[in-house]
There are 4 protein chains.
Amino acid sequence: MKNSFGNNIQVTLFGESHGEAIGVVIDGLAAGLALDLDHVQKRMAQRQAKGRISTQRHEPDAIRIVSGWFEGHTTGTPLTILIENTNTRSKDYERTRYRLRPSHADYTAFAKYDGFQDFRGGGHFSGRLTAPIVAAGAIAQQLLEQNGVFIGSHILRCHSESDHPFATDEPTLKEQILRLNDLDFPVLDEESAGRIHAVMEAAANDGDSVGGIIETAVVGLPAGIGEPFFDSIESVLSHLLFSVPAVKGVQFGLGFDFASYYGSQVNDAFCVQDGQIRTVTNHNGGINGGISNGMPIRFQCVIKPTASIFKEQDTVDYQTKEPVRLQIQGRHDPAILHRARVVIDSVTALGLLDLCCTNQAYQGMKKGECQ
Amino acid sequence: MKNSFGNNIQVTLFGESHGEAIGVVIDGLAAGLALDLDHVQKRMAQRQAKGRISTQRHEPDAIRIVSGWFEGHTTGTPLTILIENTNTRSKDYERTRYRLRPSHADYTAFAKYDGFQDFRGGGHFSGRLTAPIVAAGAIAQQLLEQNGVFIGSHILRCHSESDHPFATDEPTLKEQILRLNDLDFPVLDEESAGRIHAVMEAAANDGDSVGGIIETAVVGLPAGIGEPFFDSIESVLSHLLFSVPAVKGVQFGLGFDFASYYGSQVNDAFCVQDGQIRTVTNHNGGINGGISNGMPIRFQCVIKPTASIFKEQDTVDYQTKEPVRLQIQGRHDPAILHRARVVIDSVTALGLLDLCCTNQAYQGMKKGECQ
Amino acid sequence: MKNSFGNNIQVTLFGESHGEAIGVVIDGLAAGLALDLDHVQKRMAQRQAKGRISTQRHEPDAIRIVSGWFEGHTTGTPLTILIENTNTRSKDYERTRYRLRPSHADYTAFAKYDGFQDFRGGGHFSGRLTAPIVAAGAIAQQLLEQNGVFIGSHILRCHSESDHPFATDEPTLKEQILRLNDLDFPVLDEESAGRIHAVMEAAANDGDSVGGIIETAVVGLPAGIGEPFFDSIESVLSHLLFSVPAVKGVQFGLGFDFASYYGSQVNDAFCVQDGQIRTVTNHNGGINGGISNGMPIRFQCVIKPTASIFKEQDTVDYQTKEPVRLQIQGRHDPAILHRARVVIDSVTALGLLDLCCTNQAYQGMKKGECQ
Amino acid sequence: MKNSFGNNIQVTLFGESHGEAIGVVIDGLAAGLALDLDHVQKRMAQRQAKGRISTQRHEPDAIRIVSGWFEGHTTGTPLTILIENTNTRSKDYERTRYRLRPSHADYTAFAKYDGFQDFRGGGHFSGRLTAPIVAAGAIAQQLLEQNGVFIGSHILRCHSESDHPFATDEPTLKEQILRLNDLDFPVLDEESAGRIHAVMEAAANDGDSVGGIIETAVVGLPAGIGEPFFDSIESVLSHLLFSVPAVKGVQFGLGFDFASYYGSQVNDAFCVQDGQIRTVTNHNGGINGGISNGMPIRFQCVIKPTASIFKEQDTVDYQTKEPVRLQIQGRHDPAILHRARVVIDSVTALGLLDLCCTNQAYQGMKKGECQ
């Protein structure tokens, strides 16, 4: 439903980049949850722009909870988070209102909204809309962690540079996840971090931009989560992931590499470990038939290079329908990988929390406890 | 919502591989639509197994419309399609009921349904459930075609062999799509078809299986379709695509290749062609900000190698929790790429038709015609 | 969503009165539920027509479960029930296809479906569509009973005759409910039953019809069920109740009588009984702020007189737009109160079961058991 | 879904009576709608408390639109309205936190939210939550009026006093509706207004409260709106109406009076008027089979007497589980009928607008215009 998502935990997103405020309503949270709001704010900061490789638009992004929160706990009714837009420089956009920025949503917004869209800073299409997503996602992530489920992401690749992949054994993986969640520049290998940072800076210096791949892992999700046919874990997560601006591909487990193998090479044999059924390998990324199998969930997203570059580009003026040259002004990110991973963690948390709650909805029915 | 999908055109799927019948309810179709049921049946046949490279389970898959159809037109109320299961050999499965087939949903079904799942032939997880999807999708595809929207898919890659990619110019692309929809083995280049078929046969002979990549294109979709934030075209299509068994990755436009480029290399410049705003390149696969831009929609799905192979595998007996060797019996597909493309076309049609109807829901409001 | 209802237990209804089959898909049932299918069939029989005061269309209404049921238990995937239409006499309707039957949905169906509706026997608007509702509702009712929740209804009033109202003390009320569920003609007081039956017969003899009021009670529903703001118990139940053909009014507790009292007369004071918080009176019908308070749920529905009467009536021919006289033929019910109560019990069960499951969805979240 | 409602026009409600702010997100509005915000504010004022017969809590209830509004038009993305809570006197409630106010949601909130609810002023259950409903509803009403659909309500009855019923001829009815929308005390007959006001004042003087019946009419809704089976007009409107605090009964057309008539007396015969098919009478309130028939929609809601009275009452202390006497303090309404009618108009507008948009979703499909 357009700007709402979720069956039992529903988030509703609103706002435009240069409007008065952006925000999110989270409905379905149980009453009496004690949340760490400082941690939410810390995640907001990780999403925020920093340094040479990020936009110079800096805002506190202070979250303001206006409902659903009382005496340090959730109330059980909708929790609403507002983030005021304070540092807007809309004039940067007035001049080029009708000049369609290539690979942005400018033209499609015209096609859909007939020119009534709030064009300033990309309006509702702005990456800024991911701020309330992160606020909601940080809360979901806390609740999952209280249930033993941990989510983390790193920059696996940026242009020509790569990080180490995630570990395959679960204890190491969990350590990596916890460490990543404290890093502002989320790369597993320190040396890789330097090289990736350098690629981003080079792009920035050149007025250009770079993309890359984010790898995400989830540990602690029990077997049995996910709802076939249509609400497979892959379906729900990809739905949310592709909502994140700039994501153009999602793959689980081996993903597109599956195309090159024989079944006998990539089937995940079952084994018993400490009395638990596990798989020897995890090519399927922890998901069989759309349902978690107790192994770590693993997936990757590709983030395309930021569409805003400072190089001059060919485009069209929407009003005159004439070709024009466009030189984008304003404050932009040469790379958003380090910022996007918080958003990816966040939508992952929202999707999994909703699936966990949905799974729970019918469990009591057969025990005579459906109340 | 589990087995239902769609906001204005909703499909509800039901059935198990060896149950009495499988089927689908389609709600939201306008009254008075004349459908070509022979064409629906033809699409069912394309999804069906054929020859050496497919399962030997053959069923007519005759569709029976039990509601919503009267005097050769839709009635406007739910259209329900039943497909009886006629050729079931459930005994193949009894013997191995508790032997978890690697990379199948056997274990996750136990985890979720506590042993009450209909295990025969994979039950609700069977690829057979895609038959009603195709029936519904064929109807959606007809309606889109009446509105000038055409969808087609081909096997871009299978193991080590590749087909030509789709053409980039739209008239050629449309021709390719129309031709593919008539082919049983959907490959653009005839020579590639032979090589791909040979790879599949080799796997079959070896008791093994292969996967690959399906490439899909849509022409004729007008600009302005898709609903940010959460119901982007990518979100809605990927949600449906990942519901299809064996799909483990989805990418739009350049997809994962975006990771290797600079923004200046892959931004799609706008131009004017015959008075229409178009893009010079189409790296974004026809979608900006989650909304169609009038260029062809292009995406790829990876299909993992069929999990059912005839080679002996290591696994676990769910009851005894002991390791066992498993030799799968029964009738299975060494490759499903040629069958899966009909399913991919079908869910694509269902997703796009729903988004078209949703887009239409609010258009009359401002003209004083919201009735 | 048109023909689907429910968030965690979703029913999808399909079929037309004279089509091939009618049916329902129930999604969200837990796996492993043992259902008493004979009891479901018994409820179907109670809904069925009988004797002089009911239609002469008699069908076995045998339910056929085609999915979601295996080895005597639910499988956890969609349970689909089919009921074949066997005893249709469509010719009764051909002759009067364009003659709009007063107070039927004939004209509104033309307005909505442009003449493509299946007009035979009222098509999708037929009371016959309540048969699959009863099949689904009987299942929901069994599950609620296994959880200690009991639902029953009786004919409180029919034209000029009345039954005793339900008892106010809970043990007696529960006894009444259990007794009613075994009666074909659901009236609490035997003498009233005779008088009500006589009123119906008199109407039948006169080629006329009568309506009345059904009173429903639910015991055993724990406090805390219902989801403000929009999914109050009253909202969810009234939504379903008004879907039942012929229901034109719904009132909870004192209902419309509240208009005549002072607050001091009708507020329900709290008290403590056996350590439980209860209310001294129950004018609010067990619901405060949309949520159950642990007292019996009580509500009434008015059923308008059956629209099909055998007296000649003024109407219009839709094709010619000319006034015509109409003499309805066919098989019709002079009263449907005794049949409707099973339908009312059924939708009540479906609504409450869904709310119970929704309530359960988020309860584990705070205990670290959200899985 | 709890605090969201609507398929194509979705409202999401949030806030608590004494929290920071209350508000609503409206998703699905077309872009480019010019709204009269002064009129929205006027409707807010009509909902506001005034004079001796209303609470003394006075707040400007100034609406603040924080998203979806740009240069005097809707943007097509979510429109969010905030109303800050400024005049809260929470101390009135601290003292009686555990004293369950009879017929309020205090106890059910404890049962559902385990004491974590924001109890101040009723929290999320407060009538104050109807303020954002009115803001959203006023917008929906404007859009319907631009499409020729007009909604109005009056106090039909209050305790022992009654107003004239609505006129039966449509031109007079439309005049009445337009006049009512300008009145602060919505009664058709001036003399009745005086008597009804006097009843309310008498209750106020006595520290007591009164309820009554609101009658609502809609003119201009074309035939064909409403979605069987589950989304009948009656179902959708009653769902919303029963969400409004204090509504305990809803009836359409003759409503509960249907119980006393023969079918031959209350069937609405069809006739032709100015080339249009109409009904001679309108006992069904403009709805047949859940779909509008082009006649005025007519329904009534009963509003129970305000639960807050100043007379001492028996109740229970939730903490001690001991009986206590309760003397409610604070600022309360002895009657809310005159305020509630704006809320009833508002939810009616939201429900009908959503149904109109849903109806439009599939209309273009058959003309090859589904875009």
Side-chain angles (χ1 to χ4, degrees), chain A residues 2-3 5 13 100 102-103 105 107-108 111-112 124-125 157 208-209 211-213 223-224 227 229-232 234-235 238-239 242-243 248-253 255-256 258-259 261-264 267-270 272 277 284 288-289 291 293 302 304-307 309 311 313-316 321, chain B residues 2-3 5 13 100 102-103 105 107-108 111-112 125 157 208-209 211-213 223-224 227-232 234-235 238-239 242-243 248-253 255-256 258-259 261-264 267-270 272 277 284 288-289 291 293 302 304-307 309 311 313-316 321:
Chain A
K2 299 182 185 86
N3 292 282
F5 192 85
L13 190 70
L100 306 173
S103 292
Y107 171 58
T108 53
K112 192 168 193 72
H124 192 61
F125 298 90
R157 179 158 164 211
D208 214 329
S209 65
I213 296 173
E227 300 293 331
F229 190 84
F230 292 116
D231 281 354
S232 72
E234 290 112 324
S235 288
S238 71
H239 192 134
F242 276 117
S243 300
K248 295 296 278 190
V250 174
Q251 57 186 353
F252 291 83
F256 280 87
F258 269 120
Y261 289 102
Y262 290 109
S264 59
N267 272 0
D268 294 312
F270 287 102
V272 177
I277 292 173
N284 282 282
N288 293 141
I291 300 177
N293 64 13
V302 63
K304 71 173 184 176
T306 326
I309 57 176
K311 291 177 182 295
Q313 296 177 87
D314 282 319
T315 191
V316 170
K321 299 282 184 296
Chain B
K2 298 182 186 84
N3 293 282
F5 192 84
L13 189 70
L100 306 172
S103 292
Y107 170 59
T108 54
K112 192 168 193 73
F125 297 91
R157 182 159 163 208
D208 213 330
S209 66
I213 296 173
E227 300 293 331
F229 190 84
F230 292 115
D231 280 355
S232 73
E234 291 110 324
S235 289
S238 70
H239 191 133
F242 276 116
S243 299
K248 295 296 277 191
V250 174
Q251 57 186 354
F252 291 84
F256 279 89
F258 269 121
Y261 289 102
Y262 290 109
S264 58
N267 272 1
D268 294 312
F270 286 101
V272 177
I277 293 173
N284 282 282
N288 293 141
I291 299 176
N293 64 13
V302 65
K304 70 174 184 175
T306 326
I309 56 176
K311 290 177 183 295
Q313 298 177 85
D314 281 320
T315 191
V316 169
K321 300 279 182 298

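All values below were derived from every heavy atom in this structure, side-chain atoms included, with hydrogens, water molecules and symmetry-related copies excluded. Just so it is clear: chains get the letters A, B, ... in the order the sequence lines come, proteins before strands, and each one is counted from 1.
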### Contact winner vs chain B - A:Ser243, A:Ala111, A:Ser238, heavy-atom pairs under 4.5 Å
A:Ser243
### Query
Using a cut-off of under 4.5 Å for heavy-atom pairs, which of B:Ser209, B:Ala105, B:Gly253 has the most such pairs with chain A?
B:Ser209
### Query
In this structure, are over 12 heavy atoms from other groups packed under 6.0 Å from A:Phe256 atom CZ?
yes
### Message
Return the CG to CG distance between B:Leu100 and A:Asp268, rounded to the nearest 0.5 Å.
### Response
13.0 Å
### Query
Using a cut-off of under 4.5 Å for heavy-atom pairs, which of A:Ser232, A:Ser235, A:Gly224 has the most such pairs with chain B?
A:Ser235
### Task
Hey, can you tell me if B:Tyr107 and A:Phe270 have their rings parallel, tilted or perpendicular (30° and 60° cut-offs)?
perpendicular
## Note on the structure
Checked B:Lys248, B:Arg157, B:Glu234 vs chain A; the most non-hydrogen pairs under 4.5 Å come from B:Lys248
### Message
So which atom in B:Val272 and which in A:Lys321 form the shortest heavy-atom distance, rounded to 0.1 Å?
### Response
CG2-O, 3.3 Å
### Message
Using a 4.5 angstrom heavy-atom cutoff, name the option from B:Ile213, B:Val316, B:Thr108 with the most pairs to chain A.
### Response
B:Thr108
### Query
Taking atom CG of A:Asn288 and atom CG of A:Asn293, what is their separation to the nearest 0.5 Å?
4.5 Å
## Note on the structure
Of B:Leu13, B:Val250, B:Ile309, B:Thr306, the largest count of non-hydrogen pairs under 4.5 angstrom with chain A goes to B:Val250
### Task
Count the heavy-atom pairs under 4.5 Å between each of B:Pro228, B:Gly211, B:Ala307, B:Ala269 and chain A, then report the option with the highest count.
B:Pro228
### Query
Top residue by heavy-atom pair count (under 4.5 Å) with chain B, among A:Phe5, A:Tyr262, A:Phe125?
A:Tyr262
### Task
Output the option from A:Glu227, A:Gln251, A:His239, A:His124 having the highest count of non-hydrogen pairs under 4.5 Å with chain B.
A:His239
### Query
Would you find a donor on one side and an acceptor on the other, under 3.5 Å apart, between the side chain of A:Lys304 and the backbone of B:Asn284?
no
### Query
Do B:Asp208 and A:Ser264 get their side chains close enough for a donor-acceptor pair, meaning under 3.5 Å?
yes
### Contact class of B:Lys311 relative to chain A, heavy atoms under 4.5 angstrom
side chain
